[in-house]
Visitor: 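Got a structure for you, written out below as structure tokens; questions coming shortly.
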Protein chains: 2
Amino acid sequence: MSSRIAVIAIDAVEPRLVAAFWCAVLAWQVVDEDADVVSIAPPDRSWPAIDVLAVPEGKVVKNRLHLDLRADGLATADELDRLLALGARRTDVGQGPDSSWVVLADPEGNEFCLLSRSVQEV
Amino acid sequence: MSSRIAVIAIDAVEPRLVAAFWCAVLAWQVVDEDADVVSIAPPDRSWPAIDVLAVPEGKVVKNRLHLDLRADGLATADELDRLLALGARRTDVGQGPDSSWVVLADPEGNEFCLLSRSVQEV
């Protein structure tokens, strides 16, 4: 008897743009869409999904929630190249030059990290 | 060949407090802890985990990422009572009185929603 995480919601000024980026990053697909929200999910519709929600306001400070990713099926360096080609930008949140992860931002500046495989899997 | 979501990271001024709240909400447990991060995960260690990261700055604006929850194993109204008893607070992000979800905030003000079961499962 508890709650479970059903959806990760991301506010966006341009939901289609942000949803398309995350679909490409995660190899997910759009499963529902209207004027206010674009829902994306893994092909097997497994949990959780992401709802990209239309909001009028842009991002103004570093997000307090972010996603940490790991490369799946290819080397981390190759996945980094792929993410940058998809439109991810490197960003500095004070992580320092020796961190084992790379801090990136999506098209609306939402920070996310690409973790090294050397970090223990949880 | 893509990335997968490994961790949802939450910044916190008091990581232990925030981690304890989310453990109680999700029926998860602390799996790792040091001065900078408290990691929590489901008992079966299934994906994804949450890392609660120590940061000096507090929350200043509505989060652009948030979690949507569903009650698991009990009625939504009963789960709402349980979340409020755990320290969740109702908060207003302009959702209006007729929305099918309840907007809440964790001990550091991070917004999250408890979805109604009437919404289609994804």
Side-chain angles (χ1 to χ4, degrees), chain A residues 1-12 22-28 31-32 39-42 45-51 53 55 57-74 76 78-79 82-83 93 108-115 119-122, chain B residues 1-12 22-28 31-32 39-42 45-51 53 55 57-74 76 78-79 82-83 93 108-115 119-122:
Chain A
M1 302 208 306
S2 61
S3 284
R4 64 181 175 82
I5 300 171
V7 174
I8 301 165
I10 304 177
D11 288 353
W22 285 100
C23 277
V25 168
L26 299 170
W28 287 13
V31 294
D32 198 13
S39 298
I40 68 174
R45 305 290 285 265
S46 62
W47 162 95
I50 291 177
D51 281 354
L53 306 174
V55 296
E57 71 277 8
K59 178 174 179 287
V60 291
V61 298
K62 190 188 95 170
N63 288 347
R64 284 185 87 75
L65 271 71
H66 71 261
L67 303 178
D68 287 344
L69 310 181
R70 288 190 204 279
D72 195 7
L74 70 175
T76 301
D78 292 336
E79 179 62 0
R82 194 183 73 91
L83 296 176
V93 294
E108 292 201 1
N110 298 301
E111 300 87 0
F112 64 99
C113 296
L114 180 63
L115 303 180
V119 178
Q120 181 190 353
E121 296 275 333
V122 174
Chain B
M1 301 206 307
S2 61
S3 284
R4 64 180 175 83
I5 299 171
V7 174
I8 301 165
I10 304 176
D11 289 352
W22 284 100
C23 279
V25 167
L26 299 170
W28 288 13
V31 294
D32 198 14
S39 298
I40 68 173
R45 303 291 284 266
S46 62
W47 162 95
I50 291 177
D51 282 354
L53 307 173
V55 297
E57 71 277 7
K59 178 175 180 287
V60 291
V61 298
K62 190 188 93 171
N63 288 347
R64 285 186 86 74
L65 271 71
H66 71 261
L67 303 179
D68 286 344
L69 310 182
R70 286 189 206 279
D72 196 7
L74 71 175
T76 302
D78 292 336
E79 178 64 359
R82 194 183 73 92
L83 295 176
V93 294
E108 293 201 0
N110 298 301
E111 299 87 1
F112 64 99
C113 297
L114 180 62
L115 303 180
V119 179
Q120 180 189 355
E121 296 275 335
V122 174

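Side-chain atoms are counted along with the backbone in the values below, which use heavy atoms only and exclude waters and symmetry mates.
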Visitor: Quick check on A:R64 against chain B: is it the side chain, the backbone, both or neither that has a heavy atom closer than 4.5 Å?
Guide: both

Visitor: What's the separation between atom CG in B:D72 and atom CE in A:M1, rounded to the nearest 0.5 Å?
Guide: 10.5 Å

Visitor: Any heavy-atom pair between the side chains of A:I8 and B:L67 that's under 4.5 Å?
Guide: yes

Visitor: For B:L53 and A:H66, work out which heavy atoms get closest and say how close.
Guide: CD1-CE1, 3.8 Å

Visitor: By a 4.5 Å heavy-atom criterion (distance strictly below it), what part of A:V25 contacts chain B: side chain, backbone, both, or neither?
Guide: both

Visitor: Could you report the tightest heavy-atom contact between A:V60 and B:V61, atom names first, then the distance?
Guide: CG2-CG1, 4.0 Å

Visitor: Rounded to the nearest 0.5 Å, how far apart are CG of B:D51 and CG of A:L115?
Guide: 8.5 Å

Visitor: Can you tell me how far the OG atom of A:S3 sits from the CG atom of B:L74, to the nearest 0.5 Å?
Guide: 7.5 Å

Visitor: For A:N110, which atoms come within 4.5 Å of any heavy atom of chain B: side chain, backbone, both, or neither?
Guide: side chain

Visitor: Specify which of B:C113, B:G58, B:P42, B:A27 makes the most heavy-atom pairs with chain A at under 4.5 Å.
Guide: B:G58

Visitor: Measuring from atom CZ of B:R4 to atom CG of A:L69, what distance do you get when rounded to the nearest 0.5 angstrom?
Guide: 9.5 Å

Visitor: Going by the rule side chain to side chain contact (heavy atoms under 4.5 Å, CB included), which residues pair with B:V93 if we only count those two or more places apart in sequence or in a different chain?
Guide: B:K62, B:Q95, B:V103, B:E111

Visitor: Against chain B, label A:E108 side chain, backbone, both or neither, depending on which of its atoms sit under 4.5 Å from a heavy atom there.
Guide: side chain

